[in-house]
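Presented below is the structure to which this report refers.
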Amino acid sequence: MGLSLYRKKRVFNKTPEPRSGKSGNGPLIFVVQKHKDKFASEADITLKDRSVISRKTIEKMTAKEKDAAKAGARKTLPEKSTRIPAADSKRKTLLHPTEKAQTKKINGKELYFTNLNKTFWKEEKITKRDLLNYYYQVAPYILPFIKDRPQSLYRFPDGYKGKSFYQKDVTGKVPDWATTYLYHSEGDKQDKHFLVATDEASLLFMVNFGCIDINPWSSTIKKPDRPDWCLLDLDPGAKTTFNKVIDAANAIHNLLNDIDVPSFPKTSGSTGMHIYIPLGKKYTYEQSKEFARVVVTMVQRQTSRFTTIERPLHERQGKLYLDFLQNRPQATLAAPYSVRPKPGATVSMPLHWEEVKHGLKMKDFTLKNVPSLLEERGEIFKPISGKGIDMMAALKRLQQADEADTSQSHREKTTVA
DNA sequence: GCGACCT
DNA sequence: AGGTCGCAACGCTTC
DNA sequence: GAAGCG
């Protein structure tokens with residue numbers, strides 16, 4: 001329960017017209033209503049979006065990006081990054097370069113690695129051994145974001161183009177030393193168990209099991225109802241360029257900056273981007289989802305030319321889908337530093353916001369270059385599992401920003417008129 | 001990838 | 001001994 | 001009530 005925000009009435013256009021820079025899309029829509037628990041002291045919040053919220057910053061941003069695109073180069077800047085000694089170049093490869101199977105002791109557990117010579121990416125000549133070596137090298141970086149979290153296994157026993165399947169229930173399929181998490185599905189009385197990642201051994205076990213990407217819950221088994229972070233998933237349609245994804249990401253960043261909410265971007269490794277907002281295990285999935293709904297709704301209205309929050313594919317018209325529904329129990333997204341089952345063995349790569357600009361390419365980050373990149377750049381995603389935002393304060397600021405922009409748009413209109 | 005269950 | 005099979009499932013939305 | 005979506 002908790003913060004419940006619902007659509008009162010859908011008024012805005014399903015296929016919004018290209019904004020000619022004049023008016024918004026009409027009155028809103030959302031009412032954030034208090035419920036008796038967590039936010040009992042808060043008054044109802046009504047956003048009357050005229051959808052002019054940060055248009056200027058968007059336009060500014062777009063101009064800046066044009067310059068940047070002209071200038072070419074993408075600069076990186078390690079600000080506050082953490083070098084993780086264990087992942088420095090001293091951390092060598094895990095596996096023998098030619099043996100097709102091999103036993104290794106990891107975290108005191110015997111792991112039998114199989115089919116090491118099997119090709120997982122044909123074009124790039126990447127083998128299962130390469131994949132295991134990759135995760136061994138980045139284990140110190142990825143583990144904080146998967147540790148103690150139940151995993152959805154997405155298995156590709158024959159490489160990224162081969163037959164694949166999802167697996168949640170691992171009852172009887174994993175070694176005795178593995179940690180699992182009891183669950184029941186539907187009206188099923190049968191005991192089922194998620195695999196829980198706990199350490200390097202469990203990570204490498206998953207990879208040997210055919211998992212190319214790692215898909216953890218947003219919460220840990222210690223507090224399964226309280227996600228560490230809120231997720232915004234930018235999922236481009238077929239005819240959306242990656243530069244548009246970048247525009248939308250920056251629009252989200254600008255809005256969140258305006259309300260003092262920290263956010264952390266990464267490439268998805270597939271076609272889109274993911275943005276993380278730290279919640280510090282303070283809120284429910286429901287609250288996280290509704291917060292995300294407000295944010296993407298406001299951003300969608302600023303960027304209605306090329307984004308949508310409509311779920312049915314045919315409603316999207318090839319636009320960039322701003323997905324906030326991943327903020328629910330048991331939903332997963334590829335973890336930071338996860339390889340993806342995609343051409344080029346792309347990696348879901350955490351970025352500095354300054355890097356999120358035109359010219360950035362998904363294939364800038366792959367299994368081949370990420371380990372050495374990490375040595376240079378260090379860890380930058382730590383804050384996503386740190387101190388969380390004050391969601392109520394953020395919503396208030398969101399409303400204030402909304403109202404300020406609304407009245408500003410009125411002023412502009414009357415001045416012009 | 002691998003165990004369960006057929007032939 | 002070899003072949004085939006199964007291996008997720010939930011909230012939301014529209015039809 | 002079923003079927004699509006992620």
Side-chain angles (χ1 to χ4, degrees), chain A residues 1 4-7 10 14-15 100-102 111-120 127-129 131-132 150-160 162-175 178 180-188 190-195 204-213 215-219 224-225 227 231-238 268-274 284-290 292-293 296-297 308-334 340-341:
Chain A
M1 203 102 315
S4 144
L5 173 150
Y6 55 90
R7 223 171 316 200
R10 193 196 316 259
K14 284 194 171 175
T15 54
K100 73 170 199 284
Q102 201 179 342
L111 275 93
Y112 183 56
F113 295 104
T114 56
N115 297 298
L116 298 176
N117 291 328
K118 189 179 274 192
T119 303
F120 265 37
T127 63
K128 190 181 171 191
R129 170 170 37 243
L131 186 64
L132 281 158
Q151 307 288 317
S152 275
L153 306 187
Y154 189 18
R155 298 176 58 188
F156 289 77
D158 296 310
Y160 88 98
K163 276 229 141 22
S164 66
F165 56 93
Y166 290 91
Q167 183 172 24
K168 292 187 176 179
D169 181 21
V170 297
T171 310
K173 315 257 186 177
V174 293
T180 60
Y181 184 73
L182 178 70
Y183 75 104
H184 299 96
S185 50
E186 277 238 315
D188 198 347
Q190 181 103 44
D191 282 2
K192 295 181 172 179
H193 302 267
F194 279 96
L195 177 62
L204 294 173
F205 172 83
M206 287 192 278
V207 179
N208 185 63
F209 227 31
C211 298
I212 292 175
D213 50 13
N215 297 283
W217 286 14
S218 295
S219 54
D225 306 328
L231 298 168
L232 304 179
D233 182 4
L234 282 58
D235 187 13
S268 75
S270 179
T271 56
M273 293 198 48
H274 301 151
T284 63
Y285 276 102
E286 164 110 27
Q287 290 166 332
S288 173
K289 185 180 66 188
E290 296 311 329
R293 187 201 297 269
V296 298
T297 299
T308 177
I309 55 172
E310 299 300 323
R311 213 126 66 106
L313 228 32
H314 65 273
E315 305 266 9
R316 290 190 207 158
Q317 306 205 179
K319 290 180 176 177
L320 168 59
Y321 177 47
L322 304 177
D323 188 359
F324 59 91
L325 290 171
Q326 297 300 338
N327 298 295
R328 62 172 144 84
Q330 304 202 356
T332 61
L333 225 56
R340 304 303 306 279

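Letters A, B, ... mirror the listed sequences (proteins, then strands); counts begin at 1. Given the structure is predicted, the values throughout are model-derived calculations rather than measurements.
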**Request:** Figure out the CH2/P separation between A:Trp217 and C:dC10, and round it to whole Å.
**Result:** 11 Å

**Fill in**
To the nearest angstrom, the CG-P distance between A:Asp188 and C:dC7 comes to 12 Å

**Request:** Look at the side chain of A:Pro312 and decide which nucleotide, out of B:dG1, C:dA9, C:dT14, has an atom nearest to it.
**Result:** C:dT14

**Request:** Rounded to whole angstrom, note down the C1' distance from D:dA3 over to C:dA9.
**Result:** 14 Å

**Message:** Nearest to the side chain of A:Lys168, heavy atoms from C-beta on, is which of C:dT13, C:dC10, C:dA8?
**Reply:** C:dA8

**Message:** Are A:Phe194 and A:Tyr183, when compared by the centres of their aromatic rings, separated by less than 6.0 Å?
**Reply:** yes

**Prompt:** Has A:Thr114 got a side-chain N or O lying under 4.0 Å from the OP1 or OP2 atom of B:dC2?
**Reply:** yes

**Message:** Please tell me if A:Ser152 has a side-chain N or O lying less than 4.0 Å from either OP1 or OP2 of C:dA8.
**Reply:** no

**Prompt:** Can you tell me how far the CZ atom of A:Arg129 sits from the OG1 atom of A:Thr119, to the nearest 0.5 Å?
**Reply:** 10.0 Å

**Complete:** Side-chain contact check for A:Glu315: nearest option of B:dG1, C:dA8, C:dT14 is C:dT14

**Asked** Given atom CG of A:Leu153 and atom P of C:dA9, what is their separation to the nearest angstrom?
**Response** 12 Å

**Complete:** Taken to the nearest whole Å, CD1/A:Ile309 to C1'/C:dT14 is 15 Å

**Request:** Write down the distance separating the P atoms in C:dC10 and B:dC2, rounded off to the nearest Å.
**Result:** 28 Å

**Asked** When you check the phosphate oxygens OP1 and OP2 of C:dA9, does a side-chain N or O of A:Tyr183 lie under 4.0 Å from one of them?
**Response** yes

**Message:** Taking the P atom in each of C:dG6 and D:dG6, what is the distance between them to the nearest angstrom?
**Reply:** 26 Å

**Item:** Closest listed nucleotide, where the reference is the side chain of A:Asn115 and the choices are C:dC12, B:dC2, D:dG6
**Value:** B:dC2

**Message:** So, OP1 or OP2 of B:dA4: does either fall under 4.0 Å of a side-chain N or O from A:Lys173?
**Reply:** no

**Request:** Measure from the side-chain heavy atoms of A:His314 and tell me the nearest of B:dG1, D:dC5, C:dC15.
**Result:** C:dC15

**Prompt:** Looking at the rings of A:Trp217 and A:Tyr181, which for Trp means the six-membered one, are their centres under 6.0 Å apart?
**Reply:** yes

**Request:** Quickly work out the A:Phe205 CZ to B:dC2 C1' distance and round it to whole Å.
**Result:** 10 Å

**Fill in**
Checking C:dG11, C:dA8, B:dC2 against the side chain of A:Arg328 (C-beta onward), the nearest is C:dG11

**Item:** A:Asp169-A:His193 side chain donor-acceptor pair, cut-off 3.5 Å
**Value:** no

**Prompt:** Of all the choices, C:dC7, D:dC5, C:dC10, which nucleotide is nearest to the side chain of A:Phe165 once you look at every atom?
**Reply:** C:dC7

**Asked** What is the distance, rounded to the nearest whole Å, between atom CZ of A:Arg311 and atom P of C:dT13?
**Response** 6 Å

**Prompt:** Does A:Arg316 make a side-chain N or O approach to OP1 or OP2 of C:dT13 shorter than 4.0 Å?
**Reply:** no

**Short N-O contact, A:Lys163 and A:Asp158, less than 4.0 angstrom** = no

**Short N-O contact, A:Glu290 and A:Arg293, less than 4.0 angstrom** = yes

**Request:** Can you tell me the distance, in whole Å, between the CZ atom of A:Arg155 and the C1' atom of C:dC5?
**Result:** 14 Å

**Asked** Just to confirm, is there a sub-4.0 Å distance from OP1 or OP2 of C:dC5 to any side-chain nitrogen or oxygen of A:Lys163?
**Response** no

**Prompt:** What integer distance in Å separates A:Tyr321:OH from D:dG6:P?
**Reply:** 8 Å

